[in-house]
Structures are given as C-alpha cells and as structure tokens.
Amino acid sequence: MTIILQLIQALADSLSALGLPERDIKLSPPNNPDFGDLSSNLALTLTKDVQKNPIQIANDIKDTLKLPKGLIDEITVTPPGFLNFKIGQSYYYQTLAQILSDQNFGRGITGKGKKANVEFVSANPTGPLTVGHGRQAVLGDCVARILQWNSYDVTKEYYYNNAGRQMRILGQSVEARYFNTDLPSDGYQGDYIVDIAEVIRSEKGDNIEHGDPIFQKKAEEIIFEDISKSLKKLNIHHDVFSNEQTFYDDGAIDQTISDLKNKDLIYETDGATWFKGTAIGMDEDRVLIKSTGEPTYRLPDIAYHRNKLERDFNLIIDIFGADHMGTYPDILAALNALDYDTENIRVLIHQFVTLIKGGKKVKMSTRTADFITLEKLTKEIGPDVVRYFFIMRGMNSHLNFDLDLAADQSEKNPVYYLQYAHARICNIIKHGESKGISYQSNYNAKLLNHPAEIRLLKKLDQFPTIIENSLQTLEPQLIANYLHDTANRFHKFYSECHVITEDIDLSNARIALVSATQTVLANGLDLLGISAPDKM
RNA sequence: GCCCCGGUAGCUCAGCUGGAUAGAGCAACGGACUUCUAAUCCGUAGGCCACAGGUUCGAAUCCUGUCCGGGGUACCA
C-alpha cells in the first residue's frame with residue numbers, strides 16, 4: 001500500500017472516530033515545501049457541515065490520527081485549516097532501494113492480459129506526411145508506449161480510405177502527368193506525382209491505356225512507402241494497416257447498411273441514403289450513400305469500427321485531428337444503434353499545428369503541394385527534437401510551430417536538457433569505475449542528507465504516480481514535464497554535490513542515487529520514444 | 001447562427017478533477033568551470049492568468065455572458 005493510501009485510510013478512520021461525515025479525501029504535495037510533503041484540505045471541506053472553525057477540526061483530526069510508526073515525521077495544521085504531513089526520509093530511502101532493484105520501476109500492470117488498439121496517423125496516401133501530421137504520429141506512438149508500459153498488448157493501427165474520391169483524383173493526377181495532359185480540377189499538383197508517373201513509365205513503358213487502374217494502385221504503393229519511411233525515421237511503426245477497400249470486398253459495407261435498415265435507421269431522399277441520426281438523439285441526419293451511389297466516408301468508418309470492436313480489444317483508441325471533432329459522435333451513435341458497447345472506445349482529439357515561417361502563417365495543403373514534409377523536418381532537427389517538440393504540449397492546445405525558430409533552437413532544444421542529465425550520469429558512473437567506485441547494494445542511504453539529494457529522491461518517488469496519471473489521461477506531456485523536473489533536480493544536485501570523492505561511503509551512497517536517477521530518466525525517455533545517450 | 005478547442009511573462013507554452021507566494025524554456029541583463037561534461041548552475045528583470053459577472057472559507061482552475069483566434073457544422077476526408 002502506498003503512503004498516500006495509508007494516510008487516506010488513517011484520515012478516514014479519524015473521521016469516523018470523531019463522528020464526522022465521510023469525505024472523498026485528497027492528498028497532494030503543496031507548492032510550498034515549507035508545508036511538508038503532502039497536504040489535505042479535509043478540514044476545510046467539513047466547516048460547513050460541522051459548523052466549526054476549520055483549524056479546530058484539523059487539530060481534532062490530527063489528535064485522533066493513528067499512523068504506523070516511522071511513516072510520518074511531523075503533522076502540522078496551518079491556516080486556513082490545512083493538514084500537512086512531513087514524510088520521514090526513510091520512506092524515500094526505501095523508494096531508492098526499490099528503483100535499484102527493479103530496472104522496470106514505474107511499470108504498471110493495469111493492462112495485464114488486456115488488448116488495446118491505437119489507431120493513429122491514418123492519413124490517406126495522397127502525398128507525403130507533413131509537419132501537421134507529425135503531431136498525431138508522435139502523440140499516437142507515445143500513447144501506445146504508455147499502454148505498453150502498463151502491460152497492455154498493443155496493436156498500432158493505420159487506417160486509410162483508398163476507395164473514395166480523393167484516391168481516384170490521385171490516380172487521375174498521375175495519369176495526367178503520364179500522358180502530359182492537364183491535371184483534373186482538384187488534382188494533386190506536387191512534383192512527386194510527376195515522379196510516380198515516371199516510375200510507371202520506366203517499369204511499364206509508354207503503352208498504358210487511359211483509365212488503367214495501375215495509376216492509382218502504383219501511386220498508393222509508392223506514397224505509402226514514402227509515408228512508412230518518414231514514420232520509421234521518427235521511430236514509429238504500425239503493426240496493422242487497414243483500408244476501406246477491404247470492407248467493400250468482404251461485404252461489411254453492405255452488411256452495415258442492411259443492419260441499420262433493420263433498425264429502421266435508414267431512409268432515402270433525393271436519391272441519397274440517409275442515416276436517421278435524429279431518431280437516436282443526434283442533431284442531424286447524415287448522408288451515408290450519395291446520390292451518385294458512392295458512400296461518404298462515414299459508412300466505411302462505421303464498418304471499420306465494427307470490425308475493430310469484433311476483434312475483441314479491451315480498449316480502442318482513436319486519435320483524430322480537430323477536423324474530425326464533429327464526425328466521431330455519428331460513428332459511435334451508429335455503433336450503439338447496432339447494439340455495440342462503445343464504452344471501450346476512447347477518442348483523443350488533438351488541435352492543429354499552425355506553421356509559422358518568416359513570421360507568417362503557412363497554410364498547408366497536400367493538393368496544392370503547399371507543405372513542408374515531416375521527413376525534411378526530421379532530417380533538419382533530428383527525431384528526438386521533433387518528438388519532444390510535439391509531445392511537450394497538451395493535445396488540446398493549438399500549437400504554433402515556428403520553423404525558423406525550430407531550426408534555430410534545435411541547438412538549445414529543451415530535449416537536450418533531459419538527455420544531458422542522462423549523459424552526465426553515465427559519465428559519472430564511468431568516472432567512478434575508473435576510481436574503483438561502482439554501485440554496491442550495501443550502500444548507506446542515510447548519508448543522503450543534502451537538501452538537493454532529498455529533493456531529487458522525492459522527485460524519483462513520484463514517477464509511478466506520473467505514469468498512472470498519464471495512463472488515465474493518455475496525455476504524454478505529463479511525462480515530458482515530469483522528466484524536465486527530474487532533470488532539473490538532478491542538475492542542481494550535480495552542481496551542489498560531488499559524487500565521486502575521497503569519502504568512499506558517501507560516494508557509494510551517491511552512486512546509488514545517481515544510478516536510480518538514470519533508471520528513471522531512461523524509462524521516461526523510452527516512454528516518449530526519445531533516446532537516452534551515454535554521452536553528448 | 002449552433003457545436004468543440006484555446007486566450008497565462010516580449011515569444012512558445014506548463015499549471016486547469018478548486019487551495020496557501022502563478023511556473024519553465026527562449027529572448028534581455030549580471031554572476032559561477034585548476035573539480036564527475038558550462039548542452040549546466042546561481043541571480044536580476046518581466047503578470048489586472050482576454051474581459052465582466054457568479055458559485056465558494058478560497059477561482060488561472062468551476063458556471064454564465066462578451067470579445068479575439070483555430071476547427072467543425074457538405075451528397076469533401
């Protein structure tokens with residue numbers, strides 16, 4: 001049982017001993033370290049019901065509190081009525097020992113025996129991935145890593161629409177380049193289309209007929225290769241690729257329509273087939289099949305999610321850009337109408353990246369070939385910097401990405417702050433070995449008394465809590481922020497405490513502390529898919 | 001019009017399941033390397049947390065309204 005749970009239990013016991021009403025008790029570290037390690041507003045929440053001065057309530061609770069010996073050093077009551085707990089240092093020494101005995105410190109077992117699916121990127125193969133796609137790529141990959149770290153069996157999935165209008169225009173664009181004719185209206189203007197046409201020419205010669213499916217097929221293939229390559233350079237791999245066409249071929253699309261029809265949720269107007277969303281509480285009805293006979297993306301999306309639900313995942317995560325905000329409720333509503341339980345589906349929406357170049361916003365468009373590729377960015381500033389840049393911000397913040405600044409600042413990017421801490425530790429350990437000092441399990445933890453040492457220890461102790469929070473919220477930036485704090489406390493420790501000294505006992509204790517810090521940093525960086533270098 | 005996200009230091013953003021004195025990086029200024037890596041550390045400066053109300057012992061955080069920016073609201077994806 002963690003120290004927090006023990007305290008909450010003891011506080012709850014006190015409440016009942018005093019005949020006070022029950023409360024949902026919360027403990028959190030106060031901003032000001034003078035108030036101790038954990039604080040509770042418990043007494044303040046009771047004032048109204050009890051009609052008593054909160055300070056007096058807090059003192060009553062304090063006096064009746066029964067705690068295991070050695071757990072808490074000091075309990076104080078401060079205005080306006082907080083209960084503050086100072087945790088004994090021996091607790092942190094135990095944490096240190098725990099980290100040193102377990103390289104996997106921070107790993108959770110929540111997902112043991114459970115299967116999760118994370119769908120992300122899912123850009124249609126109409127052109128290279130852009131900087132805009134990067135955010136989702138990194139976010140999705142980190143979410144998958146968080147789940148894996150918590151023992152989930154994770155399938156990383158990429159879904160794309162290859163049967164619709166977009167891909168048809170792509171094929172027509174390639175064809176136009178091949179025959180040297182005008183691009184279709186809304187055609188793809190990028191040079192890569194010309195390159196694809198040339199590949200086709202060199203492989204198949206000049207005698208392909210108009211309308212040959214090879215144009216679209218080859219384009220899809222080549223562009224997908226390029227997308228995979230860009231992702232690979234960011235250390236991102238998908239396990240499964242699903243596409244729309246499959247669901248036409250295996251009849252899932254027709255089946256979905258007929259099942260919805262059986263639920264009386266389908267009607268036809270103006271030659272189009274509509275989904276009766278209003279019948280099940282939605283704001284509007286939506287078109288599923290256009291009057292041209294071509295389905296809208298919603299229909300295959302429903303079929304696809306049905307397919308995912310039938311693959312028996314315990315957790316299904318969809319990661320979408322803000323432009324999908326309005327569409328997923330329809331999908332979920334349709335699935336519910338088809339008697340599926342959608343509780344295991346979590347939809348993460350991230351806001352867009354606004355690109356700034358030369359102080360001006362860049363409007364990106366794949367169609368007009370007005371974009372900066374993710375691959376180019378990765379090449380310029382490196383995968384670790386790209387990943388950190390995208391992950392250090394919350395997903396529902398709009399992100400301004402200044403390309404000039406990114407290139408400029410890559411030298412002093414905050415990710416190096418974390419990596420440098422790790423590299424420094426490696427160097428200390430190396431230096432220690434040259435002096436005959438290396439980690440011994442019989443170190444004397446009590447020698448770690450310096451404020452900078454204690455502060456670092458307290459930070460390391462928080463790691464599992466941070467992991468737990470990030471699992472619940474699926475927000476990787478919690479880990480990024482935590483690692484920054486940890487590196488900060490390490491750097492401060494480094495500047496105040498020399499590790500390898502003439503004092504062998506102290507050196508041993510500090511080597512232990514530094515090794516534990518290394519483990520936490522390496523684990524955290526791994527969660528973000530960022531490398532932990534031995535030297536820089 | 002309606003729905004979703006945001007508005008916090010000069011810039012980019014943390015903090016938002018209500019707590020005590022609102023933080024970091026960059027930019028500016030001033031210090032610290034005969035020592036395990038100065039990609040670091042220490043210090044100075046910088047704020048009506050968009051605005052106005054409300055709830056509360058207590059609001060950057062919750063509620064309502066207004067303003068500004070982004071996205072949706074398509075028989076585009």
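Reminder, nothing fancy here: chain letters follow the sequence lines and each chain counts from 1. Hydrogens, waters and symmetry mates play no part in the numbers below; they use all other heavy atoms, side chains included.
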In terms of side-chain geometry, is the basic nitrogen of A:Lys430 or A:Asp534 positioned less than 4.0 Å from the acidic oxygen of its partner?
no
What contact category does A:Lys535 fall into here, base, sugar-phosphate, or nothing, at under 4.0 angstrom with non-hydrogen atoms?
base
Could you grab the distance from atom CE of A:Met395 to atom SG of A:Cys142, nearest 0.5 Å is fine?
10.5 Å
Closest to the side chain of A:Ser39, out of B:A38, B:A20, B:C4, is B:A20
Name the nucleic acid region contacted by A:Glu284, choosing base, sugar-phosphate or nothing; use a 4.0 angstrom heavy-atom cut-off, strictly under.
sugar-phosphate
Distance in angstrom units between A:Asp402 CG and B:U12 P, rounded
9 Å
Ring of A:Tyr417 versus six-membered ring of B:G25: centres under 5.5 Å and planes under 30°?
no
In whole angstrom, give the distance that lies between atom CE of A:Met282 and atom C1' of B:U73.
12 Å
Contact class for A:Leu399 (heavy atom, under 4.0 Å): base, sugar-phosphate, or nothing?
sugar-phosphate
Name the nucleic acid region contacted by A:Ala423, choosing base, sugar-phosphate or nothing; use a 4.0 angstrom heavy-atom cut-off, strictly under.
base
At under 4.0 Å between heavy atoms, what does A:Asn41 touch on the DNA or RNA strands: base, sugar-phosphate, or nothing?
base
If you check every side-chain atom of A:Thr45, which of B:C36, B:G19, B:U17 has the closest atom?
B:G19
Using 4.0 Å as the upper bound for N to carboxylate O, is an ion pair formed by A:Asp318 and A:Arg346?
no
Euclidean distance for C1', B:U35 against B:U61 (whole angstrom)
46 Å
Plane angle bin for A:His350 and A:Phe352 - parallel if under 30°, tilted between 30 and 60°, otherwise perpendicular:
perpendicular
Syn or anti for B:C41, please, going by whether the chi angle lies within 90° of 0.
anti
Identify whether the distance between the nearest side-chain nitrogen and carboxylate oxygen of A:Glu157 and A:Lys308 falls below 4.0 Å.
no
Cation-pi between A:Arg424 and A:Tyr494: NZ/CZ under 6.0 Å from ring centre and within 45° of the ring axis?
yes
Its dot-bracket string being built from Watson-Crick and G-U pairs below 3.5 Å, with | for another strand and [ ] for crossing, RNA chain B has the pattern (((((((..((((.....[...)))).(((((.......))))).....(((((..]....))))))))))))....
Can you find a donor-acceptor pair, distance only, under 3.5 Å between A:Asn400 side chain and B:U12 base?
no
Proximal nucleotide (of B:C41, B:C36, B:A20) relative to the A:Phe82 side chain
B:A20
Can we call the ring centroids of A:Phe493 and A:His450 under 6.0 Å apart?
no
What contact category does A:Pro54 fall into here, base, sugar-phosphate, or nothing, at under 4.0 angstrom with non-hydrogen atoms?
nothing
Classify A:Cys426 by what it touches in the nucleic acid, base, sugar-phosphate, or nothing, heavy-atom distance under 4.0 Å.
nothing
Students often mix this up, so state it plainly: with edges at 30° and 60°, are the rings of A:His484 and A:Tyr417 parallel, tilted or perpendicular?
parallel
Determine whether any donor atom in the side chain of A:Asn84 lies under 3.5 Å from an acceptor atom in the base of B:A20, or the reverse, and answer yes or no.
yes
Using a heavy-atom cut-off of under 4.0 Å over every strand shown, decide if A:Ser28 touches base, sugar-phosphate, or nothing.
nothing
Using a 4.0 Å heavy-atom cut-off, does A:Glu294 contact any base of the nucleic acid, only the sugar-phosphate backbone, or nothing at all?
nothing
Any donor-acceptor N/O pair under 3.5 Å between B:A77 base and A:Tyr297 side chain:
yes
When you compare B:A28 with B:A45, how far apart are their C1' atoms, in angstrom units rounded to a whole number?
8 Å
Classify A:Asp270 by what it touches in the nucleic acid, base, sugar-phosphate, or nothing, heavy-atom distance under 4.0 Å.
base
Out of B:A20, B:G25, B:A38, which nucleotide sits closest to the side chain of A:Asn31?
B:A20
Quick note, A:Met536 side chain, CB onward, closest among B:A39, B:U17, B:C5 is B:A39
Just the rounded figure in Å: distance from P of B:C26 to OH of A:Tyr416.
14 Å
When rounded to whole Å, the CZ to P distance for the pair A:Phe490 and B:U40 reads 13 Å
Could you check A:Arg298 against A:Asp330 for salt bridge (Lys or Arg N to Asp or Glu O under 4.0 Å), going step by step and ending with a plain yes or no?
CA-CA 8 Å; A:Arg298 283 177 214 271; A:Asp330 299 335; 2.2 Å; yes
Once you measure the plane-to-plane angle for A:Phe241 and A:Phe224, does it fall in the parallel (<30°), tilted (30-60°) or perpendicular (>60°) bin?
perpendicular
With rounding to the closest Å, how many angstrom separate the P atoms on B:C48 and B:A60?
14 Å
With a 4.0 Å cut-off on heavy atoms, is A:Asp186 in touch with a base, just the backbone sugar-phosphate, or nothing at all?
nothing
Candidate nucleotides B:A39, B:U17, B:A77, ranked by approach to the side chain of A:Gln166 - the nearest
B:A77
On RNA chain B, nearest-nucleotide positions of A:Cys497 versus A:Asp283: which is more 5'?
A:Asp283
Look at all strands and tell whether A:Asn481 reaches a base, only sugar-phosphate, or nothing, counting heavy atoms closer than 4.0 Å.
sugar-phosphate
Let's see if you get this right: which residues in residues 389-398 of chain A place a heavy atom under 4.0 Å from RNA chain B?
A:Arg393, A:Gly394, A:Asn396, A:Ser397, A:His398
Verify the stacking flag for A:His491 against B:C41: centroid separation must be under 5.5 angstrom and the ring planes must differ by under 30 degrees.
no
Parallel, tilted or perpendicular: ring planes of A:Tyr297 versus A:His324, cut at 30 and 60 degrees
perpendicular
When the P atoms of B:C62 and B:A20 are considered, how many whole Å apart are they?
15 Å
So which one's nearest nucleotide on RNA chain B is more toward 5', A:Ser495 or A:Arg286?
A:Ser495
Could you give the distance separating B:G46 and B:A27 at their C1' atoms, to the nearest angstrom?
11 Å
Remember a base hit wins even if backbone is also touched, and classify A:Thr78 as base, sugar-phosphate or nothing at under 4.0 Å, heavy atoms.
base
When you compare B:U55 with B:U64, how far apart are their C1' atoms, in angstrom units rounded to a whole number?
11 Å
Looking only at side-chain N and O atoms, does A:Asn161 offer a donor or acceptor that is under 3.5 Å from a partner on A:Gln166?
no
Measuring only the P atom in each nucleotide, how far is B:U66 from B:A24? A whole number of Å is fine.
36 Å
Is the aromatic ring centre of A:Phe35 closer than 5.5 Å to the centre of the six-membered base ring of B:A20, with the two planes inclined by less than 30°?
yes
Ion pair check, A:Arg393 and A:Glu475, cut-off under 4.0 Å:
no
If you measure from the C1' atom in B:G10 to the same atom in B:A52, how many Å do you get, rounded?
27 Å
To the side chain of A:Gln351, which of B:A77, B:G15, B:G70 is closest?
B:G70
Tell me which nucleotide among B:G25, B:A77, B:C36 gets nearest to the side chain of A:His484.
B:G25
Any idea which of B:A77, B:C36, B:C75 is nearest the A:Ile428 side chain?
B:C36
Answer with base, sugar-phosphate or nothing: what part of the nucleic acid does A:Phe352 contact at a heavy-atom distance below 4.0 Å?
sugar-phosphate
Rounded to whole Å, how long is the line connecting atom CZ of A:Arg168 with atom P of B:C76?
10 Å
Measuring centre to centre across the rings, with the benzene-like ring taken for any Trp, is A:Phe82 within less than 6.0 Å of A:Phe35?
no
